[in-house]
A.B. asks: 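Just passing along the structure, written as structure tokens.
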Protein chains: 2
Amino acid sequence: MQTIPEENIKDAAQGLRAIAHELRLAVLCHLKNGPMCVNELMEVTAASQSNLSQHLSKMRMMGIIVNDKRGQQVYYRIANPEFLSLVDVLRRIYCPEAYQGSLEGAKG
Amino acid sequence: MQTIPEENIKDAAQGLRAIAHELRLAVLCHLKNGPMCVNELMEVTAASQSNLSQHLSKMRMMGIIVNDKRGQQVYYRIANPEFLSLVDVLRRIYCPEAYQGSLEGAKG
DNA sequence: TCATTGCATTAGCAAATTATAATATACAAT
DNA sequence: ATTGTATATTATAATTTGCTAATGCAATGA
């Protein structure tokens, strides 16, 4: 398994910071099945409009998500599927309760 | 690919914050081949003693690394190998220059 | 044209983060 | 006992982050 060369550490750390927040991580998770507009994200995250908008803005500037306008709404989606791999690793680390093994775990 | 349930989002975000810093991410990368003491980490990261110590302390409190004293020195190592998977995903996202494909890339 | 809806932006403040400098502690050697 | 080495802790100041409230602006509909 390789490492991150020194010249890329800064970018990688910045990218991490763009996700290292409860609300932003939640947004990332909610977007895993496809684009959602701000209104929908407001509902599922229970965040205020302004607050959510600011976090979306940050995530967009940091390259985590991209958006496209459809009529009056703005739809956001994940910019790079690798961010879902990242979420998956987090799940393996921080969700010990969740079912994580292969199906043969049902054996016995 | 699964998501992180709401009840674990807070922990996961906290864990991310514990790595979302240039110096801390660099430390994590340097530890990938085994334990290192503070002096060694000071050399490779070029950080000041106090600064490094504080960051190590934070990473330890957040469960990223663990330490054990050997004589006068304190050796740190990665607490959970999954953190290396996390680094690997970061590398795939933020190191486009690095050689990332399989060996068959040499074909042709 | 006027009101409404969906979202972004700005301002302001509280809280968290980070770096430096100084001091403390533990161990080792003389 | 004293000195030196390795690391931790504390204090502090500067910067960044995050939330709320207020305002702006584009698209829609009456």
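Order of the sequence lines sets the chain letters (A, B, ...), proteins ahead of strands, with each chain counted from 1. Quick note: numbers below take in every heavy atom, side chains included, and nothing from hydrogens, waters or symmetry partners.
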A.B. asks: Which is the 5'-most and which the 3'-most nucleotide of DNA chain C that has an atom under 4.0 Å from a heavy atom of chain B?
C.D. replies: C/dT17 to C/dA28
A.B. asks: May I ask you to decide if B/L41's main-chain N or O and B/T45's side chain share a donor-acceptor pair within less than 3.5 Å?
C.D. replies: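 Side chain of B/T45 to backbone of B/L41: a pair is present.
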A.B. asks: Whole angstrom is fine here: how far is it from CD in A/Q73 over to C1' in D/dA27?
C.D. replies: 10 Å
A.B. asks: Heavy-atom nearest nucleotide on DNA chain C for A/L56 versus A/Q72: which residue maps closer to 5'?
C.D. replies: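 In this pair, the answer is A/Q72.
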A.B. asks: Whole angstrom is fine here: how far is it from NE2 in B/H55 over to P in D/dT7?
C.D. replies: 17 Å
A.B. asks: B/Y75 and side-chain contact (heavy atoms from CB on, under 4.5 Å): which partner among B/D68, B/V66, B/N67?
C.D. replies: B/D68
A.B. asks: Atom CZ of A/R24 to atom P of D/dT16: distance rounded to whole Å?
C.D. replies: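 Between P of D/dT16 and CZ of A/R24: 15 Å.
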A.B. asks: Looking only at heavy atoms, what is the nearest atom pair of A/I64 and A/G15, with distance?
C.D. replies: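 What the structure gives for the nearest pair is CD1-O, 4.0 Å.
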A.B. asks: Without swapping roles, check the side chain of A/E43 against the backbone of A/E40 for a donor-acceptor pair under 3.5 Å.
C.D. replies: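 The answer is no, because no donor-acceptor pair under 3.5 Å joins these two groups.
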A.B. asks: For A/Y75, report the nucleic acid contact type (base, sugar-phosphate, nothing); a contact means any heavy atom under 4.0 Å.
C.D. replies: nothing
A.B. asks: Round to a whole Å and report the spacing from CD of B/E22 to P of D/dT16.
C.D. replies: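 About 13 Å, once rounded to whole Å.
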A.B. asks: Keeping B/R24 on the side-chain end and B/L56 on the backbone end, is there a donor-acceptor pair under 3.5 Å?
C.D. replies: no
A.B. asks: Mind running side chain to side chain contact (heavy atoms under 4.5 Å, CB included) on A/M36 and A/L31 for me, showing each step along the way?
C.D. replies: CA-CA 7 Å; A/M36 294 177 72; A/L31 291 181; 3.8 Å; yes
A.B. asks: Which atoms form the tightest heavy-atom contact between A/A79 and A/G63, and what is the distance?
C.D. replies: CB-O, 3.4 Å
A.B. asks: Rounded to whole angstrom units, what separation is found between the CD atom of A/Q54 and the P atom of D/dT16?
C.D. replies: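 Distance, rounded to whole Å: 17 Å.
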A.B. asks: Would you indicate, yes or no, if D/dG18 has its OP1 or OP2 atom less than 4.0 angstrom from a side-chain nitrogen or oxygen of A/K58?
C.D. replies: yes
A.B. asks: Which sits closer to the 5' end of DNA chain D, B/R60 or A/A20, going by the nucleotide each is nearest to?
C.D. replies: B/R60
A.B. asks: Looking at D/dA6, I'd like to know if its phosphate oxygens (OP1 or OP2) sit under 4.0 Å from a side-chain N or O belonging to B/R70.
C.D. replies: no
A.B. asks: Distance only, no hydrogens: is a donor on one side chain within 3.5 Å (strictly under) of an acceptor on the other, for A/E82 and A/S85?
C.D. replies: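 A/E82 vs A/S85: donor-acceptor pair found between side chains.
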A.B. asks: Tell me, which of residues 27-52 of chain B have any heavy atom that sits under 4.0 Å from an atom in DNA chain D?
C.D. replies: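 DNA chain D contact set from residues 27-52 of chain B: B/C37, B/V38, B/N39, B/Q49, B/S50.
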A.B. asks: Just so I know, are the side chains of B/R70 and B/P35 near enough to count as touching, which here means a heavy-atom distance under 4.5 Å?
C.D. replies: yes
